[in-house]
A.B. asks: 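What follows is a structure written as structure tokens; I'll ask about it next.
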Amino acid sequence: MSSLSWTPNEIMTIAAARQLADADVCFVGIGLPSTAANVARRTHAPNLVLIYESGTIGAKPRTLPLSIGDGELATTADAVVSVPEIFNYWLQAGRVDVGFLGAAEIDRGGDINTTVIGPYDHPQVRLPGAGGAPEIAASCGRVIVVIRQSARTFVDRVAFRTSLGERVSTVITDLGELRPNPAGELLLTRVHPGVDVATVRAATGWGLTVSDALDETAPPTTEELEVLRKLELTQGQVV
Amino acid sequence: MSSLSWTPNEIMTIAAARQLADADVCFVGIGLPSTAANVARRTHAPNLVLIYESGTIGAKPRTLPLSIGDGELATTADAVVSVPEIFNYWLQAGRVDVGFLGAAEIDRGGDINTTVIGPYDHPQVRLPGAGGAPEIAASCGRVIVVIRQSARTFVDRVAFRTSLGERVSTVITDLGELRPNPAGELLLTRVHPGVDVATVRAATGWGLTVSDALDETAPPTTEELEVLRKLELTQGQVV
Amino acid sequence: MITSLAEAIKANVKDGDTVALEGFTHLIPFAAGHEIIRQGRRDLTLVRMTPDVLYDQLIGMGVARKLIFSWGGNPGVGSLHRFRDAVEHDWPQPLELEEHSHAGMANRYVAGASGLPFAVLRGYSGTDLPAHTKNVARIACPFTGEMLTAVAALQPDVTIIHAQRADRQGNVQLWGITGVQREAVLAAERAVVTVEEIVDRLEPLPGAVVLPAWVLSAVVEVPGGAHPSYAHGYSTRDNAFYQAWDSISRDRSQFLSWMQDQVLGVADSQLEGSSA
Amino acid sequence: MITSLAEAIKANVKDGDTVALEGFTHLIPFAAGHEIIRQGRRDLTLVRMTPDVLYDQLIGMGVARKLIFSWGGNPGVGSLHRFRDAVEHDWPQPLELEEHSHAGMANRYVAGASGLPFAVLRGYSGTDLPAHTKNVARIACPFTGEMLTAVAALQPDVTIIHAQRADRQGNVQLWGITGVQREAVLAAERAVVTVEEIVDRLEPLPGAVVLPAWVLSAVVEVPGGAHPSYAHGYSTRDNAFYQAWDSISRDRSQFLSWMQDQVLGVADSQLEGSSA
């Protein structure tokens with residue numbers, strides 16, 4: 001095991017996958033969240049229920065989707081429903097245990113920005129926008145955010161509040177893991193193997209508090225890495 | 001033709017069928033309205049679009065359905081949708097040209113009662129209730145009511161207003177046809193062959209006004225009667 | 001998950017519950033309703049858009065305290081005599097009514113399935129219906145000022161439906177006229193589904209609705225469990241029975257005797273689906 | 001009803017119209033969007049939940065005055081450079097934005113399709129989104145007093161979608177991921193549908209949505225009309241093109257040259273579906 005090596009993206013994905021319990025119902029965004037959810041389903045959580053906002057419920061993709069609307073998701077789903085139905089009957093009604101979000105910025109309270117960097121009317125960077133995030137963040141039992149950590153992405157206060165941090169239970173980054181304290185402020189609770197706290201502090205745009213119970217992420221197992229790498233080779237493939 | 005004979009129900013059904021134009025979109029209740037719509041589709045209105053509140057759009061039943069949920073309606077429809085969708089996306093959105101209603105009571109203003117005879121809390125007769133009627137009456141381009149005429153069914157004021165008469169364009173009875181004047185009061189505009197005005201007056205619970213342009217219903221044609229009788233023999237049959 | 005009819009009803013239907021046995025002529029859950037009668041449940045608030053012969057039986061047997069509905073009749077035949085007897089003569093006991101239009105009931109289920117306290121529609125306007133329920137109100141559009149109608153969400157304690165198939169995990173598939181069943185199931189706290197058969201795999205079919213096992217409480221194999229209603233692809237509607245019900249149900253003692261013979265007196269071993 | 005692409009766009013898309021070209025990754029109506037560019041439409045308000053490469057092209061060619069949307073990116077790849085250039089640098093002209101969440105947009109279409117002026121949801125709460133649009137408001141439940149969110153109905157002048165099949169009467173069938181297309185079509189004043197093929201009869205298929213001809217304005221046979229998106233059962237998504245678009249679109253002149261070659265310079269006789 002000690003001879004294994006992995007990239008920051010790989011350990012971030014595997015740490016995210018571990019957040020999912022078997023038989024969780026999970027609302028999955030495309031990209032790293034989808035990769036993590038599919039790793040979980042192939043390892044410790046075979047009964048994980050994947051819901052994609054395109055309307056596929058219980059998708060069991062044999063390859064890794066490139067987009068949220070890949071045909072593979074429809075072909076392997078228990079049910080395909082309309083987009084209004086997925087948001088109203090499934091997400092809003094509180095049937096989803098875990099929401100999985102990415103972000104451009106996150107702040108110490110767990111609020112997320114995927115809208116603009118800079119003033120709304122004259123932004124320096126126009127980001128894609130809200131998508132499903134505001135209601136995923138408000139309706140799922142718990143919310144996991146996956147984001148690369150840097151002083152640019154971890155800010156004291158997001159420039160635009162696209163979705164709220166109230167239900168954020170865990171933030172998984174390429175450096176470690178953060179969880180909110182009772183007041184809702186994100187604390188560092190785990191570092192990945194080989195990452196020191198000073199590195200994480202330097203990559204955080206606020207005075208980061210470290211949990212008294214700081215732990216280290218267990219290294220990826222051979223199985224986890226094999227599953228992840230094999231899966232990524234299939235991205236966007238049509239079966 | 002003059003040797004033909006027909007029952008009061010038959011001429012009522014055929015007169016109702018004649019109210020439908022080819023390519024009308026028609027929201028059909030079960031019973032006589034459904035029979036009339038299916039006669040029209042087999043005679044002068046082959047492109048009539050039949051919508052049943054069970055969710056079948058463009059049903060082309062080969063037999064006459066006994067209930068609104070007969071399998072024949074689903075099998076022959078262009079589309080089968082859910083009940084909420086049929087009411088919200090199709091009826092409420094104003095996509096239906098003609099609504100076809102039956103009633104236990106109708107009054108001079110065209111308001112309809114299918115709820116109770118007598119006081120609501122202690123009714124003499126408890127009727128089935130509203131069903132789709134309130135929204136059919138409010139949302140269709142025009143509304144045709146089919147009802148047997150008597151002093152008991154044609155009342156000055158309905159005991160319970162189940163649906164409004166505002167959009168009622170024609171009332172077809174076993175005696176003739178009534179249409180609203182500009183003030184909304186139903187006038188006698190047609191009598192069926194062999195029916196005199198005095199008979200209609202006696203079967204009306206208010207002082208009935210007769211239209212200056214009173215006309216007589218054209219007798220059923222051989223084709224109409226043949227189509228109707230053949231159709232009724234198939235009621236509830238499974239193809 | 002997959003259990004017997006007796007167990008499913010025992011675990012999910014309690015005295016005083018609000019219970020929707022939904023279906024729109026097609027797929028009426030008769031067998032499940034009969035089991036509720038056999039188990040002697042009381043004080044139920046029954047909910048259904050189109051209460052028909054099954055509800056006539058439940059009401060006549062004194063199971064229901066209240067009925068929430070939009071159209072109560074024997075489709076294509078006429079009145080429900082037990083329903084009328086309860087409303088007109090309080091027999092076997094008074095029946096409280098709350099009635100709506102179909103559009104109102106459908107949207108009440110939609111609100112329930114959506115986790116919202118109410119839904120908006122154009123409906124009920126000018127009718128005498130709102131005067132008799134507190135679950136209909138006027139609401140202003142915050143953008144245009146137009147006045148519309150709001151209906152309160154329906155969230156039954158338990159919804160019971162009949163479907164064609166389930167797989168061994170308890171995922172359920174129904175097709176043909178599927179009415180308001182998806183919404184009724186998703187609006188409820190618990191859901192029980194009887195099915196014609198349990199199969200290894202649910203082959204995709206045109207027009208099919210699939211309800212995943214994880215939104216259901218119990219699934220029971222009850223072949224013919226919709227009779228005299230029908231299951232598209234499995235059986236046809238027993239129209240003769242619906243017509244016969246008119247005379248069976250007209251007289252109180254004849255009704256009771258029929259229920260004794262056909263429902264109460266059916267031993268466990270003869271029950272629809274008891275071997276499942 | 002069944003016509004050419006040029007005719008369908010000419011008759012149904014006017015300068016200044018509000019136009020929704022809908023699709024959720026699957027069935028994006030690229031060919032129809034390209035025809036809008038070729039016909040030189042101006043001042044359009046473009047509407048879509050997920051504006052992607054096609055909207056990048058429309059915006060970069062100066063077709064749009066305003067965009068109403070919820071997520072604008074190149075799925076699985078990254079930014080839309082023409083969209084960003086318009087918002088960040090007003091090139092080729094300023095682009096007004098009105099943005100929502102997916103749930104908000106979906107419900108705005110639902111309200112439009114239902115003939116209602118607004119829809120209710122739990123959404124937007126606490127976010128900065130409502131500060132930038134007048135089409136989101138708070139609304140109180142008339143039964144519980146709970147505060148919820150209202151969104152104004154979306155009713156495009158015209159909605160354009162791509163589907164798999166139509167029959168000769170113009171009834172349209174689509175399946176696979178069908179997204180919000182049904183609602184977008186039913187919410188619009190007019191609707192144009194391009195299809196992979198026109199067939200004698202629409203065989204029922206699992207998961208298929210059928211839109212009857214009488215709610216549509218024009219149907220056009222355009223095989224491959226969703227490329228580089230895909231049509232489930234007919235083609236697969238050209239992921240390589242989506243990846244290539246990132247570099248094609250990064251530079252203004254390279255973008256214009258690509259559009260000249262691949263869209264503007266395509267003679268009528270070479271057009272997708274021109275022979276239909």
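All values reported here derive from a predicted model rather than from experimental measurement. In what follows, every chain begins at residue 1, and chains take the letters A, B, ... in the order their sequences are listed.
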A.B. asks: Heavy-atom pairs under 4.5 Å with chain D: which of A/Pro123, A/Ala138, A/Ser139 has the most?
C.D. replies: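 The answer is A/Pro123.
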A.B. asks: Would you mind checking which part of A/Val116 comes under 4.5 Å of any heavy atom in chain D, side chain (CB onward), backbone (N, CA, C, O), both or neither?
C.D. replies: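 Interface part for A/Val116: neither.
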A.B. asks: Taking all non-hydrogen atoms of both residues, which atom of D/Glu203 and which atom of D/Gln173 are closest, and how far apart?
C.D. replies: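 Answer, listing the atom of D/Glu203 first, then D/Gln173: O-NE2, 2.8 Å.
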A.B. asks: Who wins among D/His100, D/Arg237, D/His26, D/Met49 for the most heavy-atom pairs under 4.5 Å with chain A?
C.D. replies: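 Maximum pair count with chain A is reached by D/Arg237.
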A.B. asks: Pick one of side chain, backbone, both or neither for A/Glu53, based on which atoms fall under 4.5 Å of a heavy atom in chain D.
C.D. replies: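 Both parts, backbone and side chain.
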A.B. asks: Can you tell which part of A/Asp111 gets under 4.5 Å to a heavy atom of chain D, answering side chain, backbone, both or neither?
C.D. replies: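 It is neither, since no heavy atom gets under 4.5 Å.
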A.B. asks: Can a side-chain donor-acceptor contact be found between A/Asn88 and D/Asn107 if the only test is distance below 3.5 angstrom?
C.D. replies: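 The answer is yes; a qualifying pair exists.
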A.B. asks: Walk me through it: do D/His162 and D/Tyr230 pass the test ring pair (Phe, Tyr, Trp, His ring centres under 6.0 Å)?
C.D. replies: CA-CA 10 Å; D/His162 186 73; D/Tyr230 73 106; over 10 Å; no
A.B. asks: Pick whichever of A/Gln235, A/Glu166, A/Gln124 has the most heavy-atom pairs under 4.5 Å with chain D.
C.D. replies: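 Of A/Gln235, A/Glu166, A/Gln124, A/Gln124 has the most heavy-atom pairs under 4.5 Å with chain D.
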A.B. asks: Under 6.0 Å between ring centres, would you say that holds for D/His132 and A/Tyr120?
C.D. replies: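 Ring centres of A/Tyr120 and D/His132 closer than 6.0 Å.
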A.B. asks: Do you know which of A/Pro134, A/Gly131, A/Gly55 has the most heavy-atom pairs with chain D at a distance under 4.5 angstrom?
C.D. replies: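 Between A/Pro134, A/Gly131, A/Gly55, the count favours A/Gly131.
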A.B. asks: At a heavy-atom distance under 4.5 Å, which candidate from A/Val158, A/Val125, A/Ile68, A/Thr75 has the highest pair count against chain D?
C.D. replies: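 Counting heavy-atom pairs under 4.5 Å, the top option is A/Val125.
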A.B. asks: Students often mix this up, so state it plainly: with edges at 30° and 60°, are the rings of A/Phe87 and A/Phe27 parallel, tilted or perpendicular?
C.D. replies: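 Rings of A/Phe87 and A/Phe27: tilted, 30 to 60°.
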A.B. asks: Under a 4.5 Å heavy-atom cutoff, which of D/Pro75, D/Ala103, D/Ser79 has the most pairs with chain A?
C.D. replies: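 That would be D/Ala103.
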A.B. asks: When heavy-atom pairs shorter than 4.5 Å are enumerated against chain A, which of D/Val110, D/Thr25, D/Leu80 gives the highest number?
C.D. replies: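 Option with the greatest count: D/Thr25.
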A.B. asks: Please confirm whether A/Arg95 makes a cation-pi placement over A/Tyr89, using NZ or CZ under 6.0 Å from the six-membered ring centre and within 45° of the ring normal.
C.D. replies: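 No, A/Arg95 does not sit over the ring of A/Tyr89.
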A.B. asks: Given the options A/Ala137, A/Pro84, A/Gly129, A/Gly118, which has more heavy-atom pairs under 4.5 Å with chain D than any of the others?
C.D. replies: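 Ranked by contacts with chain D, first place is A/Pro84.
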A.B. asks: Could you check D/Ile68 against D/Arg108 for side chain to side chain contact (heavy atoms under 4.5 Å, CB included), going step by step and ending with a plain yes or no?
C.D. replies: CA-CA 11 Å; D/Ile68 301 174; D/Arg108 297 189 67 194; 3.8 Å; yes
A.B. asks: Can you tell me which of D/Gly73, D/Pro51, D/Gly72, D/Gly123 forms the most heavy-atom pairs within a distance under 4.5 Å of chain A?
C.D. replies: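 When all of D/Gly73, D/Pro51, D/Gly72, D/Gly123 are compared, D/Gly72 has the most.
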A.B. asks: In terms of heavy-atom pairs under 4.5 Å with chain D, which of A/Thr115, A/Thr56, A/Asp70, A/Val80 leads?
C.D. replies: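 Top count of heavy-atom pairs under 4.5 Å with chain D: A/Asp70.
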A.B. asks: Have D/His81 and D/Asp56 got a donor and an acceptor in their side chains that come within less than 3.5 Å?
C.D. replies: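 D/Asp56 and D/His81 do not have a side-chain donor-acceptor pair below 3.5 Å.
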A.B. asks: Between A/Arg142 and A/Asp24, does any NZ, NE, NH1 or NH2 come within less than 4.0 Å of an OD or OE carboxylate oxygen?
C.D. replies: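 Salt bridge between A/Asp24 and A/Arg142, a charged N being under 4.0 Å from a carboxylate O: yes.
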A.B. asks: Where does A/Ser82 contact chain D at under 4.5 Å (heavy atoms): side chain, backbone, both or neither?
C.D. replies: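 Both backbone and side chain of A/Ser82 come within 4.5 Å of chain D.
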A.B. asks: Would you mind telling me which of D/Phe69, D/Tyr55, D/Trp245 makes a ring-ring contact (aromatic ring centres under 6.0 Å, His included) with D/Phe83?
C.D. replies: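 Running ring-ring contact (aromatic ring centres under 6.0 Å, His included) over D/Phe69, D/Tyr55, D/Trp245 with D/Phe83 returns exactly one hit, D/Phe69.
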A.B. asks: Between D/Leu129, D/Val209, D/Thr236, which residue shows the highest count of heavy-atom pairs closer than 4.5 Å to chain A?
C.D. replies: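 Top option by heavy-atom pairs under 4.5 Å: D/Leu129.
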A.B. asks: Give, as side chain, backbone, both or neither, the part of A/Leu127 having an atom under 4.5 angstrom from any heavy atom of chain D.
C.D. replies: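 Looking at A/Leu127, just its backbone touches chain D.
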A.B. asks: Between D/Leu21 and D/Thr159, does a side chain to side chain contact (heavy atoms under 4.5 Å, CB included) hold up when you go through it step by step?
C.D. replies: CA-CA 6 Å; D/Leu21 299 108; D/Thr159 287; over 6 Å; no
A.B. asks: May I ask you to name which of D/Ala106, D/Ser101, D/Gly76, D/Pro206 has the most heavy-atom pairs under 4.5 Å with chain A?
C.D. replies: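 Heavy-atom pair counts peak at D/Ser101.
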